[in-house]
Amino acid sequence: MNISSLNGSFKIIQTVKNQDELLVLGSWADLIKIFDSKRTFCVDKQKGLFGIYLCKQECADLLAYLVQNIDYHEWEDFNLEKVNPASRYLA
């Protein structure tokens with residue numbers, strides 16, 4: 001899952017080894033805004049990609065934090081009638 005927010009851009013991947021563990025990838029600057037830098041490790045030095053392992057509850061807390069910090073002032077012109085119904089997904 002890719003997430004872009006005012007707090008940064010992240011990619012969340014479920015690990016194969018441990019189904020209860022998630023890997024969050026992002027830049028160093030984005031990850032240390034939210035997490036302790038001691039937990040962050042380098043994944044790809046050339047791309048500047050870093051990661052952190054989270055349990056599912058920590059990931060849920062991260063998603064809740066990102067949603068709570070959405071800047072809604074840009075949504076003034078948002079109208080559901082303008083959204084293509086074929087592009088919406090049902091849970």
Side-chain angles (χ1 to χ4, degrees):
M1 170 185 350
N2 291 318
I3 299 173
S4 293
S5 72
L6 294 175
N7 294 313
S9 296
F10 307 98
K11 184 173 186 175
I12 301 173
I13 303 169
Q14 186 172 19
T15 60
V16 175
K17 184 178 174 183
N18 183 350
Q19 297 293 316
D20 292 327
E21 188 174 62
L22 301 167
L23 174 61
V24 178
L25 301 171
S27 71
W28 174 262
D30 291 345
L31 287 174
I32 64 168
K33 285 181 195 174
I34 301 173
F35 302 105
D36 184 17
S37 63
K38 293 178 185 177
R39 294 179 61 189
T40 307
F41 59 92
C42 183
V43 175
D44 188 339
K45 190 173 185 177
Q46 291 180 339
K47 293 181 181 179
L49 187 63
F50 291 83
I52 185 168
Y53 286 109
L54 302 178
C55 69
K56 287 184 178 180
Q57 182 59 51
E58 284 179 301
C59 189
D61 293 342
L62 167 64
L63 294 175
Y65 172 78
L66 294 175
V67 168
Q68 289 172 354
N69 290 300
I70 291 175
D71 187 4
Y72 292 103
H73 82 278
E74 296 177 0
W75 288 30
E76 293 173 358
D77 297 326
F78 182 75
N79 189 346
L80 278 177
E81 286 78 33
K82 294 179 185 176
V83 177
N84 182 358
S87 66
R88 288 190 274 172
Y89 300 102
L90 298 175

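In this chain, residues are counted from 1 in sequence order.
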Just wondering, do Glu58 and Leu22 contact through their side chains at under 4.5 Å, heavy atoms?
-> no

Would you check if Ile12 and Leu63 make a side-chain contact, meaning some heavy-atom pair closer than 4.5 Å?
-> yes

Listed partners of Gln19 passing side-chain hydrogen bond (donor to acceptor under 3.5 Å, both in side chains), at least two apart | Gln14

Nearest heavy-atom neighbours spanning Ile32 and Ser37 | CG2-CB, 3.7 Å

Passing option when Val24 is tested against Leu31, Ile13, Ile34 for side-chain contact (heavy atoms from CB on, under 4.5 Å) = Leu31

Do the side chains of Phe41 and Leu25 join up, straight or via other hydrophobic residues, at under 4.5 Å, putting them in one cluster?
-> yes

Between Val43 and Ile3, is there a shared hydrophobic cluster once you connect ILVMFWY residues whose side-chain heavy atoms come closer than 4.5 Å?
-> no

On a heavy-atom basis, the closest approach of Gly51 and Leu23 is CA-CD1, 4.3 Å

Cluster check Phe35, Met1: I/L/V/M/F/W/Y, side chain < 4.5 angstrom = yes

Taking every non-hydrogen atom, the tightest pair across Thr40 and Asp36 | OG1-O, 3.4 Å

side-chain hydrogen bond (donor to acceptor under 3.5 Å, both in side chains) involving Asp61 - partner list, sequence neighbours excluded | Gln57

Does NZ belonging to Lys11 count more than 12 external heavy atoms closer than 6.0 Å?
-> no

So, do Tyr53 and Asn18 sit near enough that their side-chain heavy atoms are less than 4.5 Å apart?
-> no

Please check if Leu54 and Phe50 belong to a single hydrophobic cluster, counting links between Ile, Leu, Val, Met, Phe, Trp and Tyr side chain heavy atoms closer than 4.5 Å.
-> yes

